[in-house]
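Structure first, then comments.
Every number for a ligand or one of its atoms is a count from 1 in the order of the listing.
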Amino acid sequence: MKILNLHSVGKLVYEDREIPEPGQNEVLLKVMACGICSSDEARVMETGTYHFPTVPGHEFAGQVVKLGEGCDPALLNRKASVFPLLPCFQCEACRKKSYATCADYKYFGSRNDGAFAEYLVVPAWNLNLLDDCVPYTTGALSEPAAVAHHAVEMGKVKKGDRALVIGTGTIGLLIAAFCQQKGAEAYVAGRRKESLEFAESFGFKTINTADIREEVDRLTGGSRMDVTFEAVGSNQSLEDAIMSARSGGTVVAMGNPKGDEALPKDVYWKILRWQLTVQGTWNSAFRAEGDDWKAAAASMKEGKFPFERLITKKYLLSEGDEAFRFLQDKSLHKSRLMFVMHEEADRLLKEREESRK
Ligand SMILES: [Zn+2]
Ligand SMILES: [Zn+2]
């Protein structure tokens, strides 16, 4: 089989490896699609990972093609995405089924080899089964969708709420989608014209962050937002998230900070005076109460939100360099980029052929 193996920062090599054998309670997944996350961009182009070489890729879906001993025979041939975190099942958090906060976890695509590969062995426990009607490429958006769903749950968004997402990335737009699904009015704030237009194309109201405070006041008649989401990871957007929340409202902190977060005194003061709830969110709930993966799979099956439109461009596994070059070109608006394999690769080649005609 073919894999994309990261040998050092910036050196992603397309190479061969033996197809692995599933062990006890493991399955062999024929990987059909794997998204490229912004964390992969950092891993491949800037920071590297825990060890070299490592096969990146943690946002994937595929078909179960082989079962190890002890697996439910009904799993064979099923479509599934995969919870990429491998919990220790020993620690306090794991005992409480809070697997995402496990003290000693492993992870596909960072600590362990991931799914920039044609096949991957995964524990049956980590499978998130998908309905047959869900395309593999949609299924590969399960991880960002589950993370977004979790943030909406943590923000306790409810029907009739006004919710503001600051950040127009894939997860930001998915947060807005789940807010809408809950019956809330979803607003998305960003800076780039193309990103805001893209958000509008999903039916979200948009706000330019350059004049966010005035716009929030204007659009809400001064009563501001019930829940705000910081999905950028910057000082400015955290300030904006706080200043856009109503008195007694909730600010959900989600963006991965690029540096220290510091707040001006008058902004901090608003947390106190407005009695805001500042709520963190981390990863997603899997095989536990409020399973975000099941919710994502249900939403994909329902088909109301056009998940596929979040995929800007698909690449063959042999086009790793090209994909990361495109990812790094910040002058272009983009949402998810995705590698496709097997039948999905054939489909891509056919699409390219068609577009050339
Ligand atoms: Zn990711
Ligand atoms: Zn644990």
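For the atom pair CG (D226) and CZ (R246), the distance works out to 4.5 Å, reported to the nearest 0.5 Å. A distance of 11.5 Å separates CD in Q279 from CD in E153, rounded to the nearest 0.5 Å.
In summary, E59 places an N/O/S atom under 2.8 Å from the Zn ion (ligand 1), meeting the contact criterion.
Rounding to 10 degrees gives 120° for the angle at the Zn ion (ligand 2) between SG of C94 and SG of C88. Rounding to 10°, one obtains 120° for the angle at the Zn ion (ligand 2) between SG (C102) and SG (C91).
In this structure, H7 has its ring center at least 6.0 angstrom away from the ring center of F52.
Side-chain contact check for E230 and S237: at least one donor-acceptor pair (N or O, by modelled atom type) lies under 3.5 Å.
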